[in-house]
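Take a look at the structure set out below.
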Amino acid sequence: MNFPGSSLAGVALFLFAAITSPAQDLAGQYREKTQQLIQAAMTDEEAWDRLQYLCDRIGHRLAGSEGLRRAVEWSEQEMRRAGLENVRAQPVKVPVWVRGKESAELLEPVRRPLFMLGLGGSVGTPRKGIEAEVIPVSSYDELAKLGESGVRGKIVLYNVPFTTYGRTVTYRSSGASRAAQLGAVAVLVRSVTPRSLQTPHTGALSYAGGISRIPAAAVTLEDATLMQRLHDSGSKVRVRLRMEAKSLPDADSANVMGEIRGREVPEEVVVLGGHLDSWDVGQGAHDDGAGCIASLQAVILMKKLGFTPRRTVRVVFWTNEENGLRGGRAYRDELGDAVGNHVAAIEMDAGAERPVGFGVGLPAGFRDPSAAQQALARIREIARLLEPIGASEVNIGGGGADISPLMAAGVPGLGLRTVGEHYFDWHHTHADTLDKVNPEEFRKTIAAMAVMTYILADMPERLLPARTGVK
Ligand SMILES: [Zn+2]
């Protein structure tokens, strides 16, 4: 029953490999099953239909929204319909931020509307808006040089070109408080993106404690550079910003999950998934509808092929990654000490472009460094099986936001990596819609997730030995 999809030759090969190389010959043991999983993924139609439903019929899914509520309900139904075991919605309280109406207008030296999106978590402006002079800066150093005398009463524009997401996003997340500290009345942040077609990119900000909270909005690359040029050519630039944004009391939401119970050590779990919530614009197609649906389909394909791994495989759609990470934290908290039974956690949250492999985060200070080396070698060996779809690279460093609480508790974390050619062009915009997902590339992500998950859950030895005292 466990291997109905295998040919006799495959079973023989499996036994031969297991006998001749009891330690590991993962490539040999799993070549045939890998081929079956890849073939199933590359001919799959169901996942696309599900992603289409999620994007087109439910749409965007910010924490606390009707969209997320419907998505939770639908996801649970889909997991049940697919015949997964132990399907449930784990209740999670999530923050609620409501954008409301918003606009920004350039008043001087020319008059025209600006393309903008308020940043998630921002406070609103007074009803009549905030009207002030704009002072552009290209770094925090430049802001510091202006000092309070150059900033007080003004709107700071962070016109910072995209280098990497990690380096550039600090202006979105911390820029408001840094400017408020010097007396700014609002901030505009050049969208965190390498390219733009007048697309503003939202995303979360976080206010520092003890500093007044000022409104913050993203503007487009085009509008940021326009204001910079106007300023550099000697004009006073004035803008009116209007935002109704506000935060409301926490709302009910849930992490949705389902499993294939392991056949030998069901208490040991390989978890995979993405986040079901999105920003309140676009469809959350790449971020992260695709990650959820690809993860789900990876598990469904194992089931269809009759592959029941030694350990339990659990797919989770985490809630509230974008503006709170409450889902990822609640999942880890519920486990308590049983987190030690999580063998690996795999997240797909970098879009559904062509996958190239996985980034791996192993627990720091693991008692036995040779065990960590061996774990990495095993992951590389599994990834080599993904050569046919070009997804065999393994890099050190990786994981994902939702699985970060698990990783902090010592669980090895993997994040699916892609070519990443356009992800940040669409990320957190009105343009993160289904048409940006290439069905063929999406299928490859399903294949990569399925193969990595299945083998980690089925291979004879667990990826890292259990830590004593954590069970
Ligand atoms: Zn995401």
Side-chain angles (χ1 to χ4, degrees), residues 51 54-55 58-65 67-68 71-72 75 92 94-95 97 117 119-121 162 164-166 168-169 172-173 191-193 199 201-206 218 253 255-256 271-296 315-331 345-353 355 358-359 361 398-407 413-434 436-437 441-442 445 449:
L51 184 59
L54 181 65
C55 290
I58 295 177
H60 54 68
R61 307 170 293 281
L62 185 60
S65 68
L68 183 58
V72 164
S75 301
V92 180
V94 294
W97 176 79
L117 274 176
L119 295 184
F162 183 94
T164 65
Y165 187 69
T168 317
V169 78
R172 187 195 80 205
S173 52
S191 291
V192 182
T193 185
T199 30
H201 296 236
T202 189
L205 65 69
S206 68
S253 186
N255 293 327
V256 186
V271 67
L272 77 162
H275 61 86
L276 190 55
D277 65 308
S278 75
W279 280 102
D280 58 336
V281 293
Q283 296 181 327
H286 276 283
D287 186 15
D288 185 23
C292 288
I293 301 300
S295 299
L296 172 60
V315 58
V316 183
F317 293 180
W318 284 283
T319 191
N320 182 227
E321 185 271 348
E322 294 291 4
N323 59 339
L325 206 62
R326 301 265 187 96
R329 292 204 182 103
Y331 180 82
I346 311 177
E347 180 150 5
M348 176 171 159
D349 185 19
E353 291 176 275
F358 289 87
D402 297 291
I403 61 172
S404 60
L406 295 173
M407 293 172 69
L414 292 87
L416 184 74
R417 290 180 51 247
T418 77
V419 285
E421 279 168 359
H422 294 291
Y423 183 64
F424 288 114
D425 301 354
W426 306 315
H427 183 251
H428 300 179
T429 72
H430 287 285
D432 183 5
T433 47
L434 187 64
K436 309 304 185 307
V437 182
E441 296 181 345
F442 176 56
T445 68
M449 293 294 283

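Every value quoted in this text rests on a predicted model; they were computed, and no experiment measured them. When a ligand or atom number is given, it counts from 1 through the structure's own listing order.
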Query - For D402, side-chain contact (heavy atoms from CB on, under 4.5 Å) partners two or more places apart - result: H275, W318, E321, L325, E347
Query raised in the report: Between the Zn ion (ligand 1) and E322, is there an N, O or S atom separated by less than 2.8 Å?
Result: no
Report summary line: the Zn ion (ligand 1) has as its nearest N, O or S atom from D349 the atom OD1
Report summary line: Checking I403, L276, L296, N255 against V316 for side chain to side chain contact (heavy atoms under 4.5 Å, CB included), the one that qualifies is N255
Query - With sequence neighbours excluded, residues passing side-chain contact (heavy atoms from CB on, under 4.5 Å) with A290 - result: L51, M348, A352, F442
Requested in this report: Return yes when at least one N/O/S atom of D287 is nearer than 2.8 Å to the Zn ion (ligand 1), and no when none is.
Outcome: yes
**Report entry** Metal site the Zn ion (ligand 1): N/O/S of H275 inside 2.8 Å
**Finding:** yes
Report task. Kindly say whether A350 contributes a backbone atom to a donor-acceptor pair with the side chain of D287 at under 3.5 angstrom? Result -> no
